Protein chains: 2
Amino acid sequence: MARTTGSDGGRTEAAIREAAISLIARYGYEAVSMRQLAAEVGVQAAALYRYFPTKEDLLFTLMREHMEGLLAAWDAARLATADPRARLAAFVRNHIRFHVERRHSTHVSNMELRSLSRDNLTQILRLRTSYEKELRQILRDGAEAGVFVIDDVGLTAIAIIQMITGVIVWFRPDERLSVEEVAETYLSMTMRLTGAEMPREVQHVHAHA
Amino acid sequence: MARTTGSDGGRTEAAIREAAISLIARYGYEAVSMRQLAAEVGVQAAALYRYFPTKEDLLFTLMREHMEGLLAAWDAARLATADPRARLAAFVRNHIRFHVERRHSTHVSNMELRSLSRDNLTQILRLRTSYEKELRQILRDGAEAGVFVIDDVGLTAIAIIQMITGVIVWFRPDERLSVEEVAETYLSMTMRLTGAEMPREVQHVHAHA
DNA sequence: GAATTAATTGAACGTTCGTTTTATTCTCGT
DNA sequence: ACGAGAATAAAACGAACGTTCAATTAATTC
């Protein structure tokens with residue numbers, strides 16, 4: 001046999017990405033074989049190499065697109081206001097929403113960094129750093145304005161990101177809590193953590209329509 | 001050749017554990033081969049099977065001992081007092097200290113859960129749950145006593161553990177901050193997060209001499 | 001409808017994997 | 001001095017790994 005009826009490169013590539021994210025999130029990059037991935041897609045292993053030159057390149061592509069998507073989402077959700085509390089609220093809400101909606105690719109991006117080559121790793125870390133820098137700037141502005149109580153901006157930024165990313169460990173989409181409820185709970189923890197009194201108007205400014 | 005001069009089962013087994021923790025923490029369980037591990041120890045791959053029946057059994061042993069060590073450390077560090085703030089402080093200090101001192105095995109225990117079989121995974125998760133239960137009890141007591149402000153005890157417990165475990169991501173033993181300084185910074189963030197006013201006496205009750 | 005391009009198969013490559021087997025050498029109690 | 005058993009080496013096992021390649025068919029173009 002050879003080309004199958006109804007085959008379409010675009011659809012196959014999308015199916016590969018989707019299957020790869022879900023399989024790698026569940027079993028880990030090293031534990032997923034190209035044959036296993038191909039079987040999930042419904043093709044032979046050799047067909048994968050039409051779309052991605054190597055297994056690592058596939059992983060790198062998934063991670064890069066995840067990080068670029070996160071930065072793009074934040075660019076769309078960020079507020080023009082100068083109030084650090086409103087900006088922090090927008091950051092937390094965007095982060096929670098994005099990660100809850102992409103649990104699998106978040107898992108991949110957080111857990112499989114060590115499977116990247118040096119150059120690819122550097123690129124992903126650069127994206128991650130520029131995202132964290134956004135939060136550090138908010139915290140620094142808030143600390144200088146006196147609305148936040150922060151010992152160490154860098155350490156607090158890492159702690160907050162660690163905390164709010166942890167939502168993907170336990171959150172399942174079909175549970176008692178909605179994404180909005182979870183986001184609000186994490187937001188109030190974040191606000192207390194930064195020593196911010198949360199004013200009424202911030203509580204109702206949602207980053208997403 | 002066969003048995004080598006100066007060979008000693010006890011020392012070999014200890015060397016295997018040590019090398020396995022460090023290699024798996026760095027490269028991941030799936031990426032480390034038995035031959036690579038044996039080379040690090042300085043023996044042939046077959047010699048490993050004298051001490052651990054399978055590769056997964058080695059991983060499971062490392063994880064189980066890590067979790068048992070964590071629970072034992074908490075048993076030794078816990079305070080008899082009824083004050084939830086002092087108990088929470090003891091919990092955070094013990095957690096930070098333990099994890100900073102065992103960065104590698106913590107990494108293994110947190111990252112390699114998916115490489116365990118169902119039965120082994122269940123055992124590790126049972127240990128983890130009983131540890132988390134300790135924190136939940138402290139938070140619940142504090143909330144009932146009115147010294148903590150907590151929306152959701154379970155969610156807050158996960159958030160705190162996620163946050164304070166994150167220390168191993170960035171902390172390196174030879175940096176500007178000592179373990180004690182890091183622990184105090186995380187403790188003050190935890191106290192603010194739980195809405196606790198930290199009284200003077202708690203600030204100086206160290207769980208470890 | 002022939003020529004061209006896109007998509008996929010099936011078989012094979014050399015390598016490495018976890019593990020087993022067998023033989024050999026060292027250590028230690030007696 | 002010696003027998004027993006602990007500790008290891010060396011070689012081999014079949015299976016699985018990522019990847020390549022030639023062949024083949026479906027879709028597209030003219």
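Not measured: the values here are computed from a predicted model. Excluded from the calculations below are hydrogen atoms, water molecules and symmetry mates; all remaining heavy atoms, backbone and side chain alike, are included. In what follows, chains carry the letters A, B, and so on, assigned in the order in which the sequence lines appear, proteins first and then strands, with residues in each chain numbered from 1.
Rounded to whole angstrom, the span from the CZ atom of B:Arg50 across to the C1' atom of C:dT20 amounts to 14 Å. In this entry the distance linking CZ of B:Phe52 with P of D:dT8 reads 13 Å, nearest Å. In this entry the distance linking OH of A:Tyr27 with C1' of D:dA16 reads 17 Å, nearest Å.
The B:Val43 side chain lies nearest to D:dA9 when the options are D:dA9, C:dG10, C:dT8. When the nucleotides D:dT19, D:dT8, C:dG18 are ranked by their closest atom to the side chain of A:Ala45, D:dT19 comes out on top. Considering only side-chain atoms of A:Lys55, the nucleotide from C:dT19, D:dT19, C:dT9 that sits closest is D:dT19. Nearest to the side-chain atoms of A:Thr5 among the listed nucleotides D:dA26, C:dT9, D:dT8 stands D:dA26.
For C:dT8, neither phosphate oxygen OP1 nor OP2 lies less than 4.0 angstrom from any side-chain nitrogen or oxygen of A:Gln44. Remark: B:Tyr29 is not in phosphate contact with C:dG18, judged by side-chain N or O atoms under 4.0 Å from OP1 or OP2. Dashed line: the shortest gap from a side-chain N or O of B:Thr12 to OP1 or OP2 of D:dT8 is under 4.0 Å. Close to D:dT8, at under 4.0 Å from its OP1 or OP2, lies no side-chain N or O of B:Tyr49.
Side-chain contact, B:Thr165 with B:Asn110: no donor N or O sits under 3.5 Å from an acceptor N or O. No side-chain N or O of B:Gln123 forms a donor-acceptor pair with one of B:Arg126 less than 3.5 Å apart.
Looking only at distances, a side-chain donor or acceptor of B:Ser109 sits under 3.5 Å from a matching main-chain atom of B:Ser105. A donor-acceptor pair is defined here as one N or O able to donate and one able to accept, closer than 3.5 Å; no such pair exists between the side chain of A:Tyr51 and the backbone of A:Ala14.
Here A:Tyr51 lies in heavy-atom contact (under 4.0 Å) with sugar-phosphate atoms only.
When each of B:His95, B:Arg102, B:Glu101 is paired with B:Phe98, the side-chain contact (heavy atoms from CB on, under 4.5 Å) condition holds for B:Arg102 and for no other.
Residues from residues 30-40 of chain B with heavy atoms under 4.0 angstrom of DNA chain C, sorted by number: B:Val32, B:Ser33, B:Met34, B:Arg35.
Checked against side-chain hydrogen bond (donor to acceptor under 3.5 Å, both in side chains), B:Ser33 has no partners two or more places apart in sequence or in another chain.
Taking a cutoff of 4.0 Å between a charged side-chain nitrogen and a carboxylate oxygen, B:Glu112 and A:Arg114 qualify as a salt bridge.
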